Amino acid sequence: MIFPRLTPLGDSALTITWPGGVSSHTHGWVRSVAAKVERLEEVQDLVTSYATLSIYYDPKRVDYQTISRQVQAVLKSAPAEPPIERGREFTIPVVYDGADLEDVARRTGLTTAEVVARHSGRWYDVYLVGFAPGWAYLGDVDASLVLPRRPSPRPRVPAGAVAIANGQTGVYPFSIPGGWHLIGRTDMRMFDPARDEPALLRAGDRVRFEARA
Amino acid sequence: MISVPQAPAYCTIQDLGWRHLRSAGMPVSGVMDPWASAAANRMVGNPTDAAVFEWALTGGRLHFECDAVVAICGPGIEVTHGMHAGEELVLPRPTAGRFLYMAVRGGVDTPTTLGSRSTYLAAGLGHAIRTGDRLPIGSLPTSAATRPGNLPPYDAGVVRVIEGPQRSLFPDAEWERFLRTPWKVSRASDRMGYRLECEGALKAPAADLLSEPACVGAIQVPPDGMPIVLMADGPTVGGYPKIAAVITADLPILAQRLPGAAVQLQVTTVAEAQALIR
């Protein structure tokens with residue numbers, strides 16, 4: 001493994017950064033180290049991203065030097081290649097009638113049926129959960145569907161809206177402002193505080209969208 | 001029960017929030033000023049993490065349907081009241097700071113969600129307290145001896161920061177300018193984040209950063225060069241470079257600064273920041 005960089009993130013967390021940006025190989029490292037670090041007693045919370053892992057701890061119980069030594073020990077014991085772990089798999093039913101569907105078709109030079117087929121025709125990796133509770137960044141979308149965000153965000157995107165932007169796709173968990181292109185909607189609840197695990201998706205899961213009438 | 005004949009303009013129930021759900025995208029949330037909430041709880045004999053009223057902007061009135069002991073804390077206020085059934089309590093308008101807190105002996109006993117009584121409006125967890133609401137008083141184990149609040153001073157000269165994960169993306173001259181600048185808290189500041197403003201903006205690095213985890217107190221520099229300090233309801237991840245982070249010990253000082261108030265930063269180390277909260 002290429003040894004990552006450790007930096008403090010404020011006085012109650014630390015961030016591990018792997019070089020190399022977005023790749024499923026790097027993300028494999030992030031996830032496998034996260035699974036080991038999670039078992040350390042002093043770890044209060046963990047967030048994984050594309051190429052970073054942040055570890056949150058209580059500085060009243062453990063200081064930065066001690067926790068970073070524990071984390072270094074985990075990193076040193078890592079194998080040469082990331083273990084191949086398959087995350088959980090989810091199928092999300094989508095009605096493809098989003099407000100921007102025709103606009104996306106026009107911008108990409110495809111028919112709306114082709115947009116739907118290409119969006120629903122593959123498995124996506126959950127790279128990151130964040131930005132809003134239950135919001136999952138899913139990638140990568142088909143190269144023909146890569147569009148920048150809309151020039152101006154909508155003040156309110158309805159909950160359950162399925163959207164694409166910047167080569168990624170996601171589902172709005174609540175009615176919030178947003179600048180992604182809306183192509184469909186789902187009834188699945190991305191965040192439900194009544195569940196023990198409130199977010200439907202975790203980093204590392206795999207997701208497929210299924211077109212419904 | 002406590003009923004609300006007149007709710008402050010912005011009032012929520014908060015405790016110390018969610019510290020184990022960042023992976024689900026949940027912010028920590030909870031009280032903006034843990035000093036004042038802990039002081040109010042101490043003064044009524046509660047555990048310091050009991051749920052409290054947090055309010056801002058205006059005052060209000062509460063009606064007590066039973067006897068109760070309450071304490072109100074915040075910048076410039078540290079007071080205990082013994083309330084009798086049927087009496088009303090005036091919640092003062094915050095003037096020396098942004099937020100005031102009221103603890104009641106036994107704690108506020110609203111339902112917990114995912115282990116916290118905090119209110120996080122963006123996800124529909126809890127709601128802003130409205131006129132006409134009724135809130136139950138809990139029966140937390142309390143100590144017979146109430147203790148003084150012992151609030152530290154809020155007018156300390158500086159807000160201390162430690163270097164952020166992207167500090168090295170800023171040239172040394174820009175870092176020095178960041179520390180030297182007499183910042184002011186912008187009007188565009190809320191429970192999610194406080195914007196800092198000054199005459200000349202910082203030069204934000206052009207780096208295209210992947211979104212990565214953030215923390216409460218992290219200072220992000222967006223392309224316009226006006227820093228944003230992430231506060232209790234701030235997002236768990238962000239894509240702007242984090243030049244620094246406000247230390248836990250000084251976050252209440254910043255949280256209580258009103259729009260237009262001055263903020264002078266000073267750099268310190270992680271070891272020193274951690275020693276201050278031990």
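Side-chain atoms are counted along with the backbone in the values below, which use heavy atoms only and exclude waters and symmetry mates. Letters A, B, ... mirror the listed sequences (proteins, then strands); counts begin at 1. If you're wondering where the values come from, they're calculated on a predicted model, not measured in any experiment.
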> Under the side-chain contact (heavy atoms from CB on, under 4.5 Å) criterion, do A:S49 and B:V237 qualify, and how do the steps go?
Replying inline: CA-CA 9 Å; A:S49 177; B:V237 299; 5.7 Å; no
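With chain A as partner, the option from B:V246, B:V270, B:I162 having the largest number of non-hydrogen pairs under 4.5 angstrom is B:I162. If you tally non-hydrogen atom pairs under 4.5 Å between each of B:I247, B:T269, B:T113 and chain A, the highest count goes to B:I247. Counting heavy-atom pairs closer than 4.5 Å to chain A, the top-ranked of the candidates B:S211, B:A275, B:A271 is B:S211. The most heavy-atom pairs under 4.5 Å with chain B, out of A:D63, A:I176, A:T15, A:T7, come from A:D63.
With a 4.5 angstrom heavy-atom cutoff, A:D196 touches chain B only via backbone atoms. Within the 4.5 angstrom heavy-atom criterion, no atom of A:A203 approaches chain B. In this structure, the portion of B:L125 lying under 4.5 Å from any heavy atom of chain A is its side chain and not its backbone. Contacts between B:I219 and chain A at a heavy-atom distance below 4.5 Å are absent for every atom of the residue. Contacts of A:V62 with chain B are made by backbone atoms alone, with heavy-atom separations under 4.5 Å and no side-chain atom involved. With a threshold of 4.5 angstrom between heavy atoms, B:I277 approaches chain A through its backbone and through its side chain. When heavy atoms are compared at a cutoff of 4.5 Å, B:A214 approaches chain A solely by way of its backbone atoms N, CA, C and O. For chain B, no part of A:R202 is nearby; none of its heavy atoms comes within less than 4.5 Å.
The two residues A:L9 and B:P165 have their closest heavy-atom pair at CD1-CG, 3.9 Å. For the residue pair B:G25 and A:V129, the shortest heavy atom distance occurs at N-CG1, 4.0 Å. B:A123 and A:F174 get closest at one heavy-atom pair: CB-CZ, 3.4 Å. Here the shortest heavy-atom pairing between A:F131 and B:P235 reads O-CB, 4.1 Å. Across all their heavy atoms, A:Y64 and B:Q274 have their closest contact at N-OE1, 3.0 Å. The two residues B:S23 and A:V47 make their nearest non-hydrogen contact at N-CG2, 4.0 Å.
One finds the CE atom of B:M26 at 11.0 Å from the CG atom of A:D45 (value rounded to the nearest 0.5 Å).
Formation of a donor-acceptor pair under 3.5 Å by the A:D11 side chain with backbone atoms of B:T248 is found in this model. Distance alone, capped at 3.5 Å, is enough to place a donor-acceptor pair between the B:R278 side chain and the A:P59 backbone. No donor-acceptor distance shorter than 3.5 angstrom exists from the side chain of B:E212 to the backbone of A:A51, with no hydrogens or angles considered.
For A:E41, the CD atom sits in a loose shell: 12 or fewer heavy atoms of surrounding residues, nucleotides or ligands are nearer than 6.0 Å. Atom CZ of A:R122 has more than 12 heavy atoms from other residues, nucleotides or ligands within 6.0 Å. A 6.0 Å sphere centred on NZ of A:K36 holds more than 12 heavy atoms belonging to other residues, nucleotides or ligands. The local environment of CG in A:D187 is sparse, with at most 12 non-hydrogen atoms from other residues, nucleotides or ligands closer than 6.0 Å. By the 6.0 Å contact criterion, OH on B:Y240 is open, its count of non-hydrogen atoms from other residues, nucleotides or ligands being 12 or less.
Partner A:Y56 forms a side chain to side chain contact (heavy atoms under 4.5 Å, CB included) with one of B:R19, B:R22, B:H20 and no other, that one being B:R22.
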